[in-house]
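Remarks on the structure that follows.
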There are 2 protein chains.
Amino acid sequence: VTLSPQPASLLERELLEQGAVLARRAEPAAVAAAAAAAAIDRPDVAYLLIAARGSSDNAARFAQYALGSEARLSVALAAPSLFSDPESGPDLRGAAVLGISQSGQSPDIVNVLVAAGRQGRPTIALTNDPGSPLAAAAEAIVPLEAGLERSVAATKTYVASLHTIEQIAQCLRPDEERAGWLDRLPALVDRTLQQMLGRRSDFDALDDASVLTAVGRGLDFSTAFETALKIRELSGMVAEAFSPADLLHGPIAALCRGGALWMVDTRFEPGQSTAKLLQLAREREIQTVLVSRYTEPPATGAITIDLPADSPRWVAAILAILPGQVAALQVASRRGVDLDRPHGLSKITLTR
Amino acid sequence: VTLSPQPASLLERELLEQGAVLARRAEPAAVAAAAAAAAIDRPDVAYLLIAARGSSDNAARFAQYALGSEARLSVALAAPSLFSDPESGPDLRGAAVLGISQSGQSPDIVNVLVAAGRQGRPTIALTNDPGSPLAAAAEAIVPLEAGLERSVAATKTYVASLHTIEQIAQCLRPDEERAGWLDRLPALVDRTLQQMLGRRSDFDALDDASVLTAVGRGLDFSTAFETALKIRELSGMVAEAFSPADLLHGPIAALCRGGALWMVDTRFEPGQSTAKLLQLAREREIQTVLVSRYTEPPATGAITIDLPADSPRWVAAILAILPGQVAALQVASRRGVDLDRPHGLSKITLTR
């Protein structure tokens, strides 16, 4: 089931390319990822500092959990504005610094790498443009090799970023099982996308939501953020993301009838906070989408999307963004949005 | 101008205590802050890792900018769920670890300190309860000394946390000017609170907003988050926070008529992104509150709140949360919310 014989928008075409992008980049990017891992795996490096914005910042959140749990690497997210003057930013001793930017153009992300370089720290760029200023500021360059991404909403570059992070994990902590799943990932991405496109009308239930709250924990935290960002930038719907514990801690007040809940959970059963949220959503009659692989799905009345149960968690966590991308596409299409240039947004933010 | 001769809610009473809390804690807390600074200022410490949730997490964001710019200390925010098994969390070499929790009860924050302690790393607790599990897990304890906080919405413990962070900055990089402003801070907090309470009806203009978007950069990023959290947890309004660059990067799509914009900027003139947002808000007829100290305020039609122009930025940045607290109180009061137990929330989140 493809969307249509000739997808009407660049967004749809780029979204459909994702499996092929991962297959094509697997070998060349693995070599570059090894160079990045070498810049991290040094006796003078205690932690990895990542600078990124937007979807790339969500990839950075994924890296914090993936490298933290799979390679026991401490990963910090940078506050780019601290580095607007590269001479007076924080002391980066002990850090290796990774900048993630599809375009490689964001001046504030480039500044972080420039500051790190001046302090003699190892620097890595993850970008779709090896000729970009970000790449020029880095010692090690990992190309996303996603092909030109012309749609404003990042899809294939986001998934390629997650792919790279797992390739780096594989270099830091080699593991045969992970290697096998890295090989299988492109086909799984294709299969999941086809399934989601076949079910795209399920997401029509989100059409009237006043606000969408996306929730995830650990590896699924980044997916919640990226789902909310995709839905928001494409459809214009107010959408936001929380960890389940943080949402229960206070902001739960605004989860009410008329809203929608998007729950991502790649564990095999819901934790306490997640179970409580699903129950609350049911009581308050909130339209819920549950992207999970629970062994015993709770009775929720939710739209349920099952992720593969036989894979490691990181595989399910990468696949978990695909329903979010398709839902964003669907809701925006029905709202008559220009998918390639929604709401007059431009691809690169040059302002600070 | 006080709110009423006998404030009706604990929240109002605690909010009014904030200046007195800072005056009372100044000396004893400075001694404890020196011990915390000593745990950070060691040759084997390359960065400070902070674990926190909710309002305390917003204090951690403040610390990232304040200690980064004032003491050139690299500050990272922890992902607590990585430490749910203290034996398998990330390798914390090079880190000093600070847990911030008003109650000191959150198990996931305690776990981060336990993990750090097992790895032999220096640990610090910032808490209002020196008898709490968080304090028990730390080598150095900085008491908030805010007095019992019984309202669900944190006010005086939040401001006391920011006060502590500046006290730690003062130990790491002593500065006479900062010392003088630390002395003046309690009176400035009192004065600003009285001004805000005198203008509280200005915030009635936010009553009908469908969603409130709070925006700030650098030191003001944490204030944007804390303002959104206060308004959300008290009034039940959907409220969210962004840096100006991130908002322009995509989520701007949802900033539309019917929404409200809350802009915090303690610089003397708006940056590019901020100016663009203010202009957009005007064009889209969005009700705007501008908390700033611009030398030449732009023509915005906004409700403007002026912060002291003669103080260092960090002083204005601490005062900048007070209008947000008062606005949250006002909007919630008019909505008939039980201010001390809004929407059935409880003070401590024990679930994970």
Side-chain angles (χ1 to χ4, degrees), chain A residues 46-47 49 53-55 57 61 64-65 67-69 72-77 79 81-82 88-95 108 152-153 210-211 217-218 221 229 232-240 243 245-246 248-254 256 259 271-273 276 342-343 345 349 351-352, chain B residues 46-47 49 53-55 57 64-65 67-69 72-77 79 81-82 88-95 108 152-153 210-211 217-218 221 229 232-240 243-246 248-254 256 259 271-273 276 342-343 345 349 351-352:
Chain A
Y47 69 110
L49 181 71
R53 284 210 179 280
S55 288
D57 202 30
R61 287 181 222 272
Q64 186 174 32
Y65 288 93
L67 298 176
S69 59
R72 300 201 64 189
L73 178 65
S74 179
V75 177
L77 309 192
S81 71
L82 279 173
S88 67
D91 180 343
L92 295 177
R93 79 178 90 158
D108 48 357
V152 162
S210 54
V211 53
R217 180 177 184 276
F221 192 48
L229 178 57
R232 184 165 188 151
E233 66 183 349
L234 282 169
S235 74
M237 184 187 290
V238 175
E240 46 173 21
S243 78
D246 280 337
L248 284 173
H249 203 101
I252 187 72
C256 55
Q272 270 182 52
S273 301
K276 197 166 168 185
H343 318 286
L345 290 174
T349 302
T351 52
R352 299 190 198 172
Chain B
Y47 69 110
L49 181 71
R53 285 210 178 279
S55 288
D57 202 30
Q64 184 174 34
Y65 288 92
L67 298 176
S69 59
R72 300 202 64 190
L73 179 65
S74 179
V75 176
L77 309 192
S81 72
L82 278 173
S88 68
D91 180 344
L92 295 177
R93 79 177 91 158
D108 46 357
V152 162
S210 54
V211 52
R217 182 177 183 276
F221 191 48
L229 178 58
R232 184 167 188 148
E233 66 184 348
L234 282 169
S235 74
M237 186 187 290
V238 175
E240 47 174 17
S243 79
D246 279 337
L248 284 173
H249 204 102
I252 187 71
C256 54
Q272 271 183 53
S273 301
K276 197 166 170 185
H343 317 285
L345 289 174
T349 303
T351 51
R352 299 192 196 169

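The shown structure was predicted, so the numbers you read here are calculated from the model rather than taken from an experiment. Only heavy atoms go into these numbers, but all of them, side chains included; no hydrogens, no water, no symmetry mates.
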Open item on the list: Under 4.5 Å from any heavy atom of chain B, what part of A/Ser88 do you find: side chain, backbone, both or neither?
Closed with: backbone
- [ ] Examine whether an atom of A/Ser55 lies under 4.5 Å from a heavy atom of chain B, and if so say whether it belongs to the side chain, the backbone or both; otherwise answer neither.
- [x] neither
TODO: Provide the closest heavy-atom pair for B/Asp246 versus A/Gly54 in the form atom of the first, atom of the second, distance.
DONE: OD1-N, 3.8 Å
Open item on the list: For a quick test of reading the model, state the closest non-hydrogen atom pair linking A/Ser74 to B/Leu92 and the distance between them.
Closed with: OG-CD2, 4.2 Å
Task: Option that, when pairs with chain B are counted at under 4.5 Å, heavy atom only, ranks first among A/Gly89, A/Ala95, A/Ala76, A/Pro90 - done: A/Pro90
Task: Closest-packed option against chain A by number of heavy-atom pairs under 4.5 Å, given B/Ala79, B/Ser243, B/Ser69, B/Gly94 - done: B/Ala79
Open item on the list: Taking side-chain hydrogen bond (donor to acceptor under 3.5 Å, both in side chains) as the definition, give me every residue that meets it alongside B/Arg93, ordered by chain and number, with sequence neighbours left out.
Closed with: B/Asp91
Task: B/Leu77 versus chain A, the contacting section by heavy-atom distance below 4.5 Å - done: backbone
Open item on the list: Please report the interatomic distance OG(A/Ser81) to CZ(B/Phe221), rounded to the nearest 0.5 Å.
Closed with: 8.5 Å
